[in-house]
Novice: 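Let me give you the structure first, and then I'll get to my questions.
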Amino acid sequence: MPMNLCDIRNIKQTMAMFGINFRKEFGQNFLTNNMVVEDIADNCCDDAQSTILEIGPGIGSLTSELAQRYRHVVAVEIDRGLIPVLKYTLGEYGNVTVINEDVMKADLKALLAPYFEKGKVSVCANLPYYITTPILMMLLESGLPFDYITIMIQSEVADRLCSAPGGKDCGAITAVLNYYGSPEKLFKVSAGNFIPAPKVDSSVVRIKLFKEKPCKPADEKTFFRTVRAAFEQRRKTLPNALSAVFSELSKDEITTAITDCGHDPNIRGEKLSVEEFAAISDVLYEKIQNI
């Protein structure tokens, strides 16, 4: 019978056996609730023949559940002290590959190429709070055709990712994410389900990546520049917010671009959909090209 890797006693005994401690610099908080781990594994994608890229497997509690449900698991762990632990806890699973690398520096295209050739690849991760957005953006911008990205993150960040245009939690990351995929908040996980317990609650978010993006901006750099500028000073109206970044254009030119797209000049960025941002960025790009 497999070891219960969510049992606090087993976690502590295993770590003591290998002489390791929780690494605060890596944001290590291990799950202690089997039901939560099983729910994440059940919902991370919808094809049992998929390969799962797991980021930060810890001692392997989620990894073991993923291995029981999917074709293969590629687990990338930054903490080399956990590698012998993972070999011990996951030894019975022949469909798990453990990689000791920083996922932000790893060549994911080369690492996952053999698995993409065999079928679908999805991502599943309990992400450290301090590096949630950089890892998510790296995955989205990688150009790799992931099917789903399922992440457990700080609840406040989950609210932001899943906010609708116009919502109080809507931010630049919301608009950017909706360019790449459709996010859905699955369930909340209270702080008491971890060891050590974090100071805030977490939520599990599943993102279904688009096969075709909802819009095709004339220039992606200008599109992302427009989105980020709109939220850098979110209390400002959109013309004022964009003027602070698009210094090569006059405020009148920027205002005209916004009104030409059918918007009130006093609108703020959080009211816009990803398609509306793309339309405005296309007009701005054209104006810049004509300078």
Novice: Would you please say whether a donor-acceptor pair under 3.5 Å links the side chains of Thr226 and Ser281?
Specialist: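 Result is no, nothing qualifies.
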
Novice: The test is side-chain hydrogen bond (donor to acceptor under 3.5 Å, both in side chains); show your working for Asn43 and Tyr148 and say whether it passes.
Specialist: CA-CA 10 Å; Asn43 290 287; Tyr148 289 91; over 6 Å; no

Novice: What distance separates Phe116 CZ from Leu111 CG, expressed to the nearest 0.5 Å?
Specialist: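 It is 10.0 Å, given to the nearest 0.5 Å.
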
Novice: I'd like to know if the side chain of Arg268 reaches the main chain of Arg235, judged simply by a donor and an acceptor atom lying under 3.5 Å from each other, with no hydrogens or angles considered.
Specialist: yes

Novice: Do any N or O atoms from the side chain of Thr150 and from the backbone of Cys44 form a donor-acceptor pair under 3.5 angstrom?
Specialist: yes

Novice: Counting only heavy atoms not in Lys211, do more than 12 sit closer than 6.0 Å to its NZ atom?
Specialist: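 Counting neighbours around NZ of Lys211, more than 12 heavy atoms of other residues, nucleotides or ligands fall under 6.0 Å, so yes.
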
Novice: Taking the ring centre of each residue, are Tyr179 and Phe223 less than 6.0 Å apart?
Specialist: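 Yes.
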
Novice: First locate atom CG of Leu136, then atom CG of Leu161, and finally report the distance between them rounded to the nearest 0.5 Å.
Specialist: 6.0 Å

Novice: Closest heavy-atom contact between Ala230 and Phe277?
Specialist: CB-CE2, 3.6 Å

Novice: Would Val204 end up clustered with Met35 when hydrophobic side chains under 4.5 Å apart are linked, directly or stepwise?
Specialist: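 Different clusters: Val204 never reaches Met35 through Ile, Leu, Val, Met, Phe, Trp or Tyr contacts under 4.5 Å.
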
Novice: Would you check if Ile207 and Phe146 make a side-chain contact, meaning some heavy-atom pair closer than 4.5 Å?
Specialist: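 Heavy-atom side-chain distance check fails, nothing below 4.5 Å.
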
Novice: If you look at every heavy atom in Asn178 and Pro183, which pair is closest and at what distance?
Specialist: OD1-CD, 3.9 Å

Novice: Looking just at side-chain N and O atoms, do Ser243 and Asn240 make a donor-acceptor pair shorter than 3.5 Å?
Specialist: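 Per modelled atom types, Ser243 and Asn240 side chains form no pair under 3.5 Å.
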
Novice: Answer yes or no: is there a side-chain heavy-atom contact under 4.5 Å between Asn29 and Pro196?
Specialist: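 Answer yes - side chains close enough.
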
Novice: Can you tell me how far SG of Cys6 sits from CG of Asn34, rounded to the nearest 0.5 angstrom?
Specialist: 4.5 Å

Novice: Checking Glu141 against Tyr180: is there a side-chain donor and acceptor pair closer than 3.5 Å?
Specialist: no

Novice: Are side-chain N/O atoms of Ser50 and Tyr115 paired as donor and acceptor at under 3.5 Å?
Specialist: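 Note: Ser50 and Tyr115 side chains miss the donor-acceptor criterion.
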
Novice: Got a second to check how far Phe30's CZ is from Leu5's CG, nearest 0.5 Å?
Specialist: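 Spacing of CZ (Phe30) from CG (Leu5) equals 10.5 Å.
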
Novice: What are the two closest heavy atoms between Gln28 and Asn21, and how far apart are they?
Specialist: OE1-O, 4.0 Å

Novice: Treating Thr222 as the side-chain partner and Tyr285 as the backbone partner, does any N or O pair qualify as donor plus acceptor under 3.5 Å?
Specialist: no

Novice: Is there a side-chain contact between Thr89 and Ser64 in this structure, where contact means two heavy atoms from C-beta onward sitting under 4.5 Å apart?
Specialist: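 Counting from C-beta outward, Thr89 and Ser64 never come under 4.5 Å.
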
Novice: Give me the atom names and distance for the closest heavy-atom approach of Phe187 to Asp39.
Specialist: CZ-CB, 3.6 Å

Novice: Indicate yes or no: does Glu156 engage Arg160 in a salt bridge with an N to O separation below 4.0 Å.
Specialist: yes

Novice: Under the side-chain hydrogen bond (donor to acceptor under 3.5 Å, both in side chains) criterion, do Asp252 and Thr255 qualify, and how do the steps go?
Specialist: CA-CA 5 Å; Asp252 285 343; Thr255 302; 5.2 Å; no

Novice: Quick one: does Pro145's side chain get under 4.5 Å of Leu209's, heavy atoms only?
Specialist: no

Novice: When you measure from the side chain of Glu77 to the backbone of Gly58, do you find a donor-acceptor pair of N or O atoms at a distance under 3.5 Å?
Specialist: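 Judged by distance alone, yes, a pair lies under 3.5 Å.
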
Novice: If I compare all heavy atoms of Phe210 with all of Ser182, which pair ends up nearest, and what's the gap?
Specialist: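 That would be CZ-N, 3.8 Å.
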
Novice: Under 6.0 Å from the CZ atom of Phe18, do we count more than 12 heavy atoms belonging to anything else shown?
Specialist: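 Atom CZ in Phe18 is packed in, count exceeds 12.
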
Novice: Charged N to carboxylate O under 4.0 angstrom, Arg23 versus Asp79?
Specialist: yes

Novice: State the CG-CD distance between Leu66 and Glu38, to the nearest 0.5 angstrom.
Specialist: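 Rounded to the nearest 0.5 Å, the CG-CD separation comes to 11.5 Å.
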
Novice: In this structure, which one of Leu62, Asn193, Thr63 forms a side chain to side chain contact (heavy atoms under 4.5 Å, CB included) with Val37?
Specialist: Leu62

Novice: Got a salt bridge between Glu65 and Arg69, using NZ or NE/NH1/NH2 to carboxylate O under 4.0 Å?
Specialist: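 Result for this pair is yes, salt bridge flagged.
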
Novice: Answer whether the closest heavy-atom distance between the side chains of Ser202 and Ile153 falls below 4.5 Å.
Specialist: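 No, every pair of side-chain atoms sits at 4.5 Å or beyond.
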
Novice: Is the closest basic N to carboxylate O distance between Lys185 and Asp159 below 4.0 Å?
Specialist: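 Salt bridge between Lys185 and Asp159, a charged N being under 4.0 Å from a carboxylate O: yes.
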
Novice: Working note: Tyr129 + Lys199, criterion side-chain contact (heavy atoms from CB on, under 4.5 Å); need CA distance, chi angles, decisive distance, verdict.
Specialist: CA-CA 11 Å; Tyr129 294 157; Lys199 295 180 180 179; over 6 Å; no

Novice: Charged N to carboxylate O below 4.0 Å: is that the case for Asp46 and Lys208?
Specialist: no

Novice: Do Ile11 and Phe22 have side chains that get closer than 4.5 Å, going by heavy atoms?
Specialist: yes

Novice: Is there a side-chain contact (heavy atoms from CB on, under 4.5 Å) between Leu139 and Ile55 once you walk through the steps?
Specialist: CA-CA 11 Å; Leu139 293 170; Ile55 301 169; 4.1 Å; yes

Novice: With side chains defined as the heavy atoms from C-beta onward, is the minimum distance between Cys215 and Val274 less than 4.5 Å?
Specialist: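 Side-chain contact under 4.5 Å: yes.
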
Novice: Are Arg71 and Asn95 close enough, and set up right, to give a side-chain contact (heavy atoms from CB on, under 4.5 Å), and what steps lead you there?
Specialist: CA-CA 7 Å; Arg71 176 194 290 232; Asn95 62 335; over 6 Å; no

Novice: For Val245 and Glu232, what are the C-alpha separation, side-chain angles and deciding distance, and is it a side-chain contact (heavy atoms from CB on, under 4.5 Å)?
Specialist: CA-CA 9 Å; Val245 172; Glu232 279 184 3; 3.8 Å; yes

Novice: Side-chain donor-acceptor pair under 3.5 Å between Glu253 and Ser250, yes or no?
Specialist: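 Per modelled atom types, Glu253 and Ser250 side chains form a pair under 3.5 Å.
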
Novice: Backbone N or O of Pro217 within a donor-acceptor pair of the Asp282 side chain at under 3.5 Å?
Specialist: no

Novice: To the nearest 0.5 Å, what is the distance between CE (Met137) and CD1 (Ile135)?
Specialist: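 Rounded to the nearest 0.5 Å, the CE-CD1 separation comes out at 13.0 Å.
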
Novice: Do the side chains of Arg9 and Asp7 get close enough for a salt bridge, i.e. N-O under 4.0 angstrom?
Specialist: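 Asp7 and Arg9: salt-bridged.
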
Novice: State, to 0.1 Å, how close Cys261 and Val283 come at their nearest heavy-atom pair, and which atoms those are.
Specialist: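 What the structure gives for the nearest pair is SG-CG2, 3.8 Å.
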
Novice: So does Gln49 have more than 12 non-hydrogen atoms from other groups sitting under 6.0 Å from CD?
Specialist: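 Yes - once you tally the heavy atoms of other residues, nucleotides and ligands closer than 6.0 Å, there are more than 12.
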
Novice: For the residue pair Leu144 and Lys109, establish whether any side-chain heavy-atom pair is separated by less than 4.5 Å.
Specialist: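 They are in contact (side-chain heavy atoms under 4.5 Å apart), so the answer is yes.
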
